[in-house]
Amino acid sequence: MQDLREKYLKAVAGVSDEAALEEIRLAALGKKGEISLKMRELGKMTPEERQTTGKALNVLKDEIDAALRAKKAALADAALDARLAEEWLDVTLPGRPRRQGTIHPVSQVMDEVTAIFADMGFAVAEGPQIEDDWHNFDALNIAPEHPARQEHDTFFMNRAEGDNRPPHVLRTHTSPVQIRAMLDQGAPIRVIAPGRVYRMDMDQTHTPMFHQVEGMAIGRDISMANLKWVLEEFCKAFFEVDGVELRFRASHFPFTEPSAEVDIRCSWKGGSLKIGEGDDWMEILGSGMMHPKVLEAGGIDPNEWQGFAFGMGIDRLAMLKYGIPDLRAFFESDLRWLKHYGFNALDLPTVFGGLSR
Ligand code: 2U9
């Protein structure tokens, strides 16, 4: 018994991996292990012998079992220590830099324009990009024979076979948004409608999808004088120039009467654009007093209410403000000038700094 004890405790002490430890356990305590076989022999003994040998065998079994368990725990500890020594992590290392996105200049300009008009009390209105032809054309006093309603100027959606209702269109301006706002809210009202619009146009200066912001203010005595002040304030804030000068030229739009195109004083000396000085004029937007028929379509009585409206292209504004030479800069993911002008997804629009900057 003493021999067995020494044999196994020594073996356990000398082992250095878990597999060898398991072999020892099987050799001693397994079904066919030495201790187990000895236990089986107890049956052949006299009751007295059985009692003493049985007791001693149980003590030995418990002792070997305890030694095996202690060694197993010690081996696991040693393995963990070895891993910890090898696989350490330096939590003081600086993080890996993440690539930062940049805000698109069109989005930036939309934010700037929205902030400027918000300061003058204009709310933002939104509406669907797929419109019915009543909201896109009829309500805006655009006659059925108007060229904009021709197949080759507007994107028409297909109707199902046999469905003879007029087709929906991709909105050609954001004006239908304002018709919806008038019908929803009534007068008085002051809103701008920024968003995507679609026309079948593709050349050096036109793309089939572009961005507009339109605006309108309806009240009992809103006039073109109010329109001029609002547009001047807008230009001062947007171009960050105090001395802007605007010129109204008589024009024609179906939805406004009278209508005016608006030019801004500028100079193009040395190929670079300067707003507010020089002898040149550059067209920047269209405007006018809302046509009585349009007010009526919006559910507003033209005998009681009147208002101004204006519209401008955001892509062009972005190009003018940030000196973007070519529409392709928008489409060819040209990040060079984005970086050059310091666009950053986390930058707030510059207008929040106020007019004097
Ligand atoms: C309603 C009534 C009237 C919006 C207006 C213009 C003149 C205009 C162009 C500028 C450049 C479109 O993006 S562009 O090509 N827009 O000249 N837009 S008045 O008039 C409205 C709008 C909504 C209910």
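Whatever order the structure lists them in is the order used to number ligands and atoms, beginning at 1.
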Hphob cluster co-occupancy, [X] + [Y], side-chain heavy atoms under 4.5 angstrom:
X: Tyr8; Y: Leu68; value: yes
X: Met282; Y: Phe248; value: yes
X: Met120; Y: Met290; value: no
X: Leu285; Y: Phe255; value: no
X: Ile218; Y: Ile192; value: no

Can you tell which of Ala139, Gly307, Ala193, Gly311 gets a heavy atom nearest to atom 9 (C) of ligand 1?
-> Gly311
Option whose closest heavy atom lies nearest to atom 15 (O) of ligand 1, chosen from Arg199, Met312, His173 |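 Of the listed residues, Arg199 has the closest heavy atom.
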Is it the side chain (CB and beyond), the backbone, both or neither of Met290 that lies under 4.0 Å from ligand 1, heavy atoms counted?
->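 Answer for Met290: side chain.
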At a non-hydrogen distance cut-off of under 4.0 Å, which region of Phe310 contacts ligand 1 (side chain, backbone, both, or neither)?
->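 The answer is the backbone of Phe310.
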Heavy atom of [X] under 4.0 Å from ligand 1?
X: Val294; answer: yes
X: Leu140; answer: yes
X: Ser287; answer: yes

Hey, are Glu277 and Arg265 close enough for a salt bridge, meaning a charged N less than 4.0 Å from a carboxylate O?
->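 Result for this pair is no, no salt bridge flagged.
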Electrostatic pair Lys10-Glu6, nearest N-O below 4.0 angstrom |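 Salt bridge flag = no for Glu6 with Lys10.
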So which protein heavy atom does [atom] come closest to, and at what separation?
atom: atom 22 (C) of ligand 1; answer: Glu214 OE1, 3.1 Å
atom: atom 8 (C) of ligand 1; answer: Gly286 CA, 3.7 Å
atom: atom 12 (C) of ligand 1; answer: Gln212 NE2, 3.0 Å
atom: atom 19 (S) of ligand 1; answer: Phe255 CE1, 3.6 Å

For [X], the ligand 1 atoms whose distance to one of its heavy atoms is below 4.0 Å:
X: Gly313; answer: 11 (C), 13 (O)
X: Ala309; answer: 3 (C), 20 (O), 21 (C)
X: Phe210; answer: 13 (O)
X: Gln178; answer: 22 (C), 23 (C), 24 (C)
X: Phe253; answer: 7 (C), 17 (O)

Among Arg171, Gln178, His173, find the residue that satisfies the side-chain hydrogen bond (donor to acceptor under 3.5 Å, both in side chains) test when tested with Ser175.
->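 Filter result, single survivor: His173.
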Give a yes/no verdict on a cation-pi contact between Lys321 and Phe239, requiring under 6.0 Å between NZ or CZ and the six-membered ring centre and an angle within 45° of the axis.
-> no
Go through the steps for His168 and Asp132 under the test side-chain hydrogen bond (donor to acceptor under 3.5 Å, both in side chains), then give the verdict.
-> CA-CA 5 Å; His168 281 87; Asp132 57 71; 5.1 Å; no
